[in-house]
Amino acid sequence: MKKIEAIIRPIRLEIVKAALADAGIAGMTASDVRGAGRPTGDRSPHFRGGEYVIYLPPKVKLEMVVRDEDVDLAIEVILENARTGEEGDGKIFVIPIAGAERIRTGETGDEVL
């Protein structure tokens, strides 16, 4: 199993969520977050000798745990539906999961998904 964390634009959430559901990936958590990655171009945190605060725009963090065989599909769906082509479209991280248990039933491993 792998955990996929995707930081995307809030306006793309419903599109990405629907596309993932169509692909058979429905279990996910979405959180409102703020953040900025590495900016491109000439952006200095100093202006005329003074420091200024770097703006942290609102984003949505999607978290989902998927079977190993579904990782590439999930990433492809997120890339196709979250991309606007503009700076700030977000990032995707893939993290290995050692195990999982369903609290209610005690199921373990892939059965949890």
Side-chain angles (χ1 to χ4, degrees):
M1 291 181 290
K2 300 279 192 282
K3 179 178 183 181
I4 298 174
E5 292 185 1
I7 310 297
I8 64 171
R9 295 175 185 271
I11 61 170
R12 304 302 289 182
L13 174 61
E14 292 303 318
I15 296 166
V16 171
K17 190 171 71 168
L20 285 166
D22 289 345
I25 301 167
M28 69 186 72
T29 300
S31 305
D32 292 324
V33 296
R34 293 186 159 283
R38 182 181 59 212
T40 58
D42 185 23
R43 295 188 184 170
S44 171
H46 293 84
F47 179 72
R48 294 188 181 175
E51 257 188 75
Y52 67 90
V53 177
I54 296 174
Y55 175 63
L56 297 176
K59 301 287 181 182
V60 172
K61 179 164 86 169
L62 289 179
E63 298 174 87
M64 63 203 77
V65 177
V66 300
R67 292 175 179 83
D68 288 333
E69 58 267 18
D70 294 333
V71 171
D72 291 336
L73 173 63
I75 291 171
E76 180 182 321
V77 168
I78 294 167
L79 286 173
E80 285 177 11
N81 293 280
R83 181 179 290 139
T84 66
E86 310 253 332
E87 185 176 292
D89 276 348
K91 295 196 174 50
I92 300 172
F93 304 98
V94 180
I95 305 156
I97 297 293
E101 287 199 35
R102 185 181 311 275
I103 295 171
R104 180 177 54 87
T105 62
E107 293 170 303
T108 60
D110 282 355
E111 295 173 4
V112 172
L113 303 178

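Residue pairs meeting the side chain to side chain donor-acceptor pair (under 3.5 Å) criterion with at least one member in residues 56-73, sequence neighbours excluded: K2-D68, K3-E63.
Side chains of R9 and T84 form a contact here, defined as non-hydrogen atoms less than 4.5 Å apart.
Across all non-hydrogen atoms, the minimal contact from A6 to I92 is CB-CG1, 4.1 Å. Closest heavy-atom contact between P58 and P10: O-CD, 3.5 Å.
Hydrophobic clustering, with ILVMFWY side chains joined whenever heavy atoms are under 4.5 angstrom apart, keeps I15 apart from M64. Each of F93 and M1 belongs to its own hydrophobic cluster when Ile, Leu, Val, Met, Phe, Trp and Tyr are linked at side-chain heavy-atom distances under 4.5 angstrom. Cluster annotation: V66 and I95 are assigned to distinct hydrophobic clusters (Ile/Leu/Val/Met/Phe/Trp/Tyr, side-chain heavy-atom contacts under 4.5 Å, transitive). When the side chains of ILVMFWY residues are joined at heavy-atom separations under 4.5 Å, either directly or via intervening members, V94 and V77 end up in a single hydrophobic cluster.
The distance from atom CG of L62 to atom CD1 of I8, rounded to the nearest 0.5 Å, is 4.5 Å. In this structure, CD on E5 lies 11.0 Å from CD1 on I78, to the nearest 0.5 angstrom. Summarising the geometry, atom CD1 belonging to I75 is positioned 5.0 Å from atom CD1 belonging to I4; distances are rounded to the nearest 0.5 Å. Within the model, atoms CG of D89 and CD1 of I7 stand 13.0 Å from one another, a figure rounded to the nearest 0.5 Å.
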Distance-only check: which donor-acceptor pairs under 3.5 Å involve side-chain atoms of residues 18-27, not counting sequence neighbours?
none

Check: residues 105-113 side-chain donor-acceptor pairs under 3.5 Å, at least two apart:
unit_1 : atom_1 : unit_2 : atom_2 : d
T105   : OG1    : E107   : N      : 3.3
T105   : OG1    : E107   : OE1    : 3.0
E107   : OE1    : R102   : NE     : 2.6

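Between the side chain of R12 and the backbone N or O of N81, at least one donor-acceptor pair lies under 3.5 Å.
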